[in-house]
Amino acid sequence: MRYISTRGTAPILSFEEAMLTGLARDGGLYVPETIPTLSRQDIAAMSGQSYEEVAFTVMRPFIGDTFTDAEFRQLIAQAYASIGHDARAPLVELAPNHFLLELFHGPTLAFKDFAIQLIGQMFQLALGRKNERVTIVGATSGDTGSAAIEAFKGLDNVDVFILYPHGRVSEVQRRQMTTPPEDNVHALAVDGDFDDCQARLKDMFNDFEFRDGVRLAGVNSINWGRVLAQVVYYFTSAVSLGAPGREISFTVPTGNFGDIFAGYIAKRMGLPIADLVVATNQNDILHRCLSGEGYHKGTVHPSISPSMDIQVSSNFERALFDAYGRDGGAVAQLMNELGQGGFEVSQGAMQALQGLYRSGRASEAETSATITDMLARTGELLCPHSAIGVKVANDLRDPKVPMVTLATAHPAKFPDAVEAATGIRPPLPARMADLYDRSERLTRVPNDVETLMTHIKGNIRA
Ligand SMILES: *Cc1c(COP(=O)(O)O)cnc(C)c1O
């Protein structure tokens, strides 16, 4: 399996190279050259299988000869042993034909653990056997950073630096990043918003001297490995609701478009998905774009769902690449225009996107009201991101088609918003109950790439 860049001019890479590289050298994102498909029988055979078995079947065709089958099974087993639920991604029924896919039983209580725990295992094996090291730098609106620190802390071959927007993450998110004592872990509080963090990260990847000097690697969802691991739970949940014998729809609380893009890949692989619904908060660039208004950056308005406070959605580039018939030149042109503020989507590409994705948004008041309402109707306590999904799913779903809404974080990760809506302060799971007592370690940094690069060079163990 070979990987090509969405901007058409970077070297073609293997799975291992694409995973260790992150961003392509032409500024694009890596995607598989072709999407493998699974037969109806392959999918039917997943019924009753463990999460790990399905994960192997779904991901195996994408990894080429990077790992042997035995190695890959072992990596999967180790990654998902960290998820504190035997089903890994259990489904809960909210209403007739509406289901919640709980993706928050991992070590940092958000769905990011599903991909990053596996990436941590894959990096460790790939680097260890070559006796190489990397510097991982990640930008986070809160959950990628905590998941990455959890997956990479203490590893010999990796130093990890996480850029998060100062004052704009929840206290639980911040503490998950600042309390691990391992000295290869560095939490950097940037004076800016998440888009600034993501832009500085891209600046570092585009500075080839720095990039090669520190052996920069990325674990943001620009990394194909992230998207790939997220394809699995579309299969496990759809099969448990009757796929491939019936169509299933999904609603996905969306920010960087990684999770919903994984759903698109599942569909391309042959999973019968009816609707893929993008749910945004008030930072609704994706909803506006999918409604035909073009893709124009605004300013980020901080919300009670901070992990979705994004204006530049990096994986949307992968969706555009396919919508423009895999024309890397066209995508490079759009991304240039985005640098100046935004772009219009061509009519043909818009038709392709609207044929694949539906969308809706939830205001702050609607998000809170949904948390209150779902507690009363179902006893289920939703985090604000998951509540946005439920609200939009309720607006758009066809009652005759099973709808799966992805619950992307545990309510205890956002206790203030949940308490404000319900009066209940959700407790942390017992395994992390002392999080508020641990001491914190972080560095405040300006929103300036030179300062950041100097800091990173000065703090890697190398
Ligand atoms: C990251 C995140 C999202 C958005 O996921 P994308 O893949 O960036 O679209 C939604 N909810 C939570 C809790 C998250 O951590």
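For ligands, and for the atoms within them, numbers begin at 1 and follow the listed sequence.
- Of the options Thr140, Thr108, Asp143, a side-chain hydrogen bond (donor to acceptor under 3.5 Å, both in side chains) to Gln173 is made by Asp143 and by none of the others.
- A salt bridge is absent between Arg211 and Asp207: the closest approach of a Lys/Arg side-chain nitrogen to an acidic carboxylate oxygen does not fall below 4.0 angstrom.
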Close N/O pairs between ligand 1 and protein, under 3.5 Å:
from     : atom 1 : to     : atom 2 : distance (Å)
ligand 1 : 7 (O)  : Gly258 : N      : 3.2
ligand 1 : 7 (O)  : Asp259 : N      : 2.9
ligand 1 : 8 (O)  : Asn256 : N      : 2.8
ligand 1 : 9 (O)  : Gly255 : N      : 2.8
ligand 1 : 9 (O)  : Asn256 : N      : 3.2
ligand 1 : 9 (O)  : Phe257 : N      : 3.1
ligand 1 : 11 (N) : Thr408 : OG1    : 2.8
ligand 1 : 15 (O) : Lys112 : NZ     : 2.6
ligand 1 : 15 (O) : Asp143 : OD2    : 2.3

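- Relative ring orientation between His186 and Phe161 is described as parallel, the plane-to-plane angle staying below 30° on a 0-90° scale split at 30° and 60°.
- With respect to Asp322 and Arg268, a salt bridge is recorded, a charged nitrogen being found less than 4.0 Å from a carboxylate O.
- When all heavy atoms of Glu16 and Ala126 are compared, the closest pair comes out as OE2-CB, 4.0 Å.
- Other residues, nucleotides and ligands contribute over 12 non-hydrogen atoms within 6.0 Å of the CZ atom of Arg425.
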